[in-house]
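In what follows, every heavy atom counts, from backbone to side chain, and hydrogens, waters and symmetry copies are set aside. In what follows, every chain begins at residue 1, and chains take the letters A, B, ... in the order their sequences are listed.
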Amino acid sequence: MSEIQSRNFIEEIIENDLESGREDHVHTRFPPEPNGYLHIGHSKAIWINYGMAKKYKGEFNLRFDDTNPMKEDDEYIRSIQKDIEWMGCSPDRVLFASDYFDYMFECALLLIDKGLAYVCELDAEQMREYRGTLTQPGKESPYRNRSLEENKKLFLEMRDGKYADGEKTLRAKIDMASPNLNMRDPIIYRIMHETHYRAGDKWCVYPMYDFAHPLGDATEKITHSLCSLEFEDHRPLYDWVVDNCECDPKPHQYEFARLNLTRTIMSKRYLKRLVDEGVVSGWDDPRMPTLSGLRRRGYTPESIKDFCERIGVAKANSEVDVRLLEHCVREHLNAEAERRMAVLDPLKVTISNYEGSEMLQSENMPFGDNVTKRQVSFSNEIYIEKSDFMEEPPGKFFRLSPKREVRLKNAYIIKYEDCVKNEKGEVIEVICSLDPDSKSGGPTAGRKVKGTLHWVDAKTALPCEVREYDYLLNDGEGDFMDRMNENSMSVMNSFIERSAKKAQPGEKFQFMRNGYFVVDEDSDGEKLVFNKIVSLKDSFSRTL
RNA sequence: UGGGGUGUCGCCAAGCGGUAAGGCACAGGACUUUGACUCCUGUAUUCGCAGGUUCAAAUCCUGCCACCCCAGCCA
């Protein structure tokens, strides 16, 4: 956890508002459109809005900005709500923009009455021409100066279904010459003969984001509407709506930079493609950077919140190193995950001077107040990791080799005697002898050797499947769709010590030296399936 | 070419006129029956660039440069 607490610019704004009396409370919201699953990028926005409300003893709403019936669905409502709960950012209230449609319609009528909105009959293409360009001002619509009565009549007819989609729009009358394109008489209502997933067929006109959002904030008495940078240009329009619809009190919008992560595709469009084309198993595939994917991958909510806290809040576009996220989950899991021995890529070791078997004591955690112990079986036939043996090792190889004794963790010190090779000359079995005096915990176990190996008893170990993934979506090389297809997941058929047999889906372990793993929901009674969450740091492999 | 933003270590990020916090990453070292963890230590004479104001500037002024966003009847 970061130690030095400095205020970010939003906290500064809020504290100034509170001190000056401009606001007497803090009320924020997270306003997703229910058209996709939440991903790690959203967690930043959630954390900021939730965090500010909690820090200043205010309220936090979840509001679904469901003003476009074309794209929205109930499935997304459920997943979004579940993911927010999982993150531990439960909203004080769950609301829907679609519940405000009546109010928004009244506001539109008010604008018409004030001469600030008009019904326009330009089609999409004409609208584009009239809007002008970045450098040239727009032209006023020929329908801009209708009478109040006519506007009202037409708008009511729009609502009553008298016109086809796109035939007419309601526009705010602001300034076609504004250098800010958003102020060039933006459309605030469009005709859509579409069934809304919640409102059904009640409406055939729907408000646009720029109109609906400030009104939604105002009705909910949001004080600080915190969103991402791309909405900066919309703020003047936000304020225009709030002012002219006579909202009281007035909410205010502030913007921060959204999260980008190295080696991670965050675009909803691409993520949807992966799901739709069946490249991944779904939005919760452990390779996905969605919150549901990360959850299944074994990331903990605590680690994600810690990550959000550490990346800070600012306005500079940035790309955060995914290794910070990994650090956060390692730090949390180091304290939470029980240790188990598992061998991912097995090499058989036979102990020549040992017979039978015995149970040995092993600690579930390497530290803590109530270290519990488990029993692991040991026999003359064990597996170690292939990478833990080298016939001709380089100088700094501390693991098993013809010239190096090693300790089997929680067991004995063993010494190389011989090895068996296949026809290709690869070592397929190592014969060792053990030092009976070196048994862990025994009175004469004090002898030190440089290396300690993890192992499983070949006679009792459980076969398991371990899935390892590429970076959240890609490794930065080539087309990510291709790479996802080819090598974004590798599957190892491995062995884990018998003591893991009761492991439940979602349970996290550290497979000593191999990293952190979670039991996947695909596990059944027959075979345990593990997702690799993240590797341990390994200063040995880094020096190779 | 218009408007809105942003530029401080490889990546984030404090700093708000008094002489560059912190985290990640990295590099050394100590400890270790996880080469993990933990613990020390090191890492920007410099704040996009150039001028100016000042005893003093990353912080103020001027000019430039670079990058991001905006021309959906999406959010």
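- At whole-Å resolution of the value, NZ in Lys409(A) and P in rA36(B) are 13 Å apart.
- Among rU34(B), rU1(B), rA75(B), the nucleotide with an atom closest to any side-chain atom of Thr135(A) is rU1(B).
- Side chain of Arg190(A), nearest nucleotide from rC12(B), rA75(B), rU33(B): rA75(B).
- At the heavy-atom level, Arg399(A) lies under 4.0 Å from base atoms of the strands shown.
- Distances shown here put every side-chain N or O of Arg340(A) at or beyond 4.0 Å from the OP1 or OP2 atom of rU34(B).
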(message) I need a per-nucleotide contact map over nucleotides 66-72 of chain B, read 5' to 3'. Cutoff is protein heavy atoms under 4.0 Å; write B for the base, S for backbone only, - otherwise.
(response) --SBBBS

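- Donor-acceptor pairing under 3.5 Å is lacking for the side chains of Tyr516(A) and Glu326(A).
- The glycosidic torsion of rG52(B) lies more than 90° away from 0, which places this base in the anti conformation.
- The phosphate of rU34(B) (OP1 or OP2) has no side-chain N or O of Arg330(A) nearer than 4.0 angstrom.
- Using cut-offs of 30° and 60° on the angle between ring planes, the pair Phe105(A) and Phe155(A) is parallel.
- Among rG15(B), rU33(B), rC73(B), the nucleotide with an atom closest to any side-chain atom of Lys448(A) is rU33(B).
- Ring orientation note: the planes of Phe509(A) and Phe530(A) are nearly perpendicular, at an angle over 60° on the 30°/60° scale.
- Pairing for rG2(B) is with rC70(B), a Watson-Crick or G-U wobble pair whose two hydrogen-bonding atom distances lie under 3.5 Å.
- Ranked by how close their nearest RNA chain B nucleotide is to the 5' end, Phe398(A) and Gly312(A) are led by Gly312(A).
- With hydrogens and angles left out, the side-chain atoms of Glu385(A) and Ser387(A) include no donor and acceptor closer than 3.5 Å.
- In terms of the side chain to side chain donor-acceptor pair (under 3.5 Å) criterion, residue partners of Ser98(A) (sequence neighbours excluded) are, by chain and number, Asp66(A), Arg198(A).
- Taking atom NE2 of His327(A) as the reference point, atom P of rC11(B) lies 19 Å away to the nearest angstrom.
- In this structure rC31(B) sits in no base pair that meets the Watson-Crick or G-U test at under 3.5 Å.
- The distance from atom CZ of Arg7(A) to atom P of rG22(B) is 20 Å, rounded to the nearest whole Å.
- Across rU6(B), rU34(B), rA75(B), the shortest atom-to-atom separation from the side chain of Thr452(A) is found for rU34(B).
- Spacing between rA21(B) and rA56(B) at atom P, rounded to whole Å, works out to 22 Å.
- Protein atom OH of Tyr143(A) is 15 Å distant from nucleotide atom C1' of rC73(B), rounded to whole Å.
- The closest donor-acceptor contact from the side chain of Arg144(A) to the backbone of Cys120(A) lies at 3.5 Å or more, if one exists at all.
- The side chain of Ser6(A) contributes no N or O atom lying less than 4.0 Å from OP1 or OP2 of rG22(B).
- Taking the six-membered ring where the residue is Trp, Phe101(A) and Trp203(A) present perpendicular rings, their angle passing 60° and hence far from 30°.
- In this structure, Arg323(A) atom CZ and rC11(B) atom P are separated by 11 Å, rounded to whole Å.
- Under the side-chain hydrogen bond (donor to acceptor under 3.5 Å, both in side chains) criterion, the residue pairs touching residues 261-271 of chain A are Asn35(A)-Lys268(A), with sequence neighbours excluded.
- Classification of Asp160(A) and Lys162(A) as a salt-bridged pair fails, no side-chain N sitting under 4.0 Å from a carboxylate O.
- At a threshold of 4.0 angstrom between heavy atoms, the contacts of Leu122(A) include nucleobase atoms, whether or not backbone atoms are also involved.
- The phosphate of rU34(B) has neither OP1 nor OP2 within less than 4.0 Å of any side-chain N or O from His454(A).
- Near RNA chain B, defined here as any heavy-atom distance below 4.0 Å, the residues from residues 166-176 of chain A are Gly166(A), Thr169(A), listed numerically.
- With ring centers used as reference points, Tyr238(A) lies 6.0 Å or more from His234(A).
- Here the P atom of nucleotide rA14(B) and the CD atom of Glu309(A) are 12 Å apart, to the nearest Å.
- Nucleotide rC73(B) holds its C1' atom 10 Å from the CG atom of Asp123(A), rounded to whole Å.
- Just one residue in the list Tyr412(A), Phe378(A), Tyr383(A), Phe511(A) forms a ring pair (Phe, Tyr, Trp, His ring centres under 6.0 Å) with Trp455(A), and that residue is Phe378(A).
- Note on Lys537(A): a side-chain N or O is less than 4.0 Å away from OP1 or OP2 of rA25(B).
- Ala445(A) comes within 4.0 angstrom of a base, heavy atoms only.
- Around atom NZ of Lys272(A), no more than 12 heavy atoms belonging to other residues, nucleotides or ligands sit under 6.0 Å away.
- Between the CG atom of Asn334(A) and the P atom of rC37(B) there is a distance of 8 Å, given to the nearest Å.
- Contacts between residues 251-270 of chain A and RNA chain B, counted as heavy-atom distances below 4.0 Å, involve no residue at all.
- Residues passing the salt bridge (charged side-chain N to carboxylate O under 4.0 Å, His left out) test with Glu12(A) are Arg7(A), sequence neighbours excluded.
- Below 30°, between 30° and 60°, or above 60°: for Phe64(A) and Phe96(A) the angle between ring planes is below 30°, a parallel geometry.
- Of the P atoms belonging to rG10(B) and rG48(B), the separation is 13 Å, rounded to the nearest Å.
- Using P as the reference atom, rU43(B) and rG23(B) are 13 Å apart when rounded to the nearest Å.
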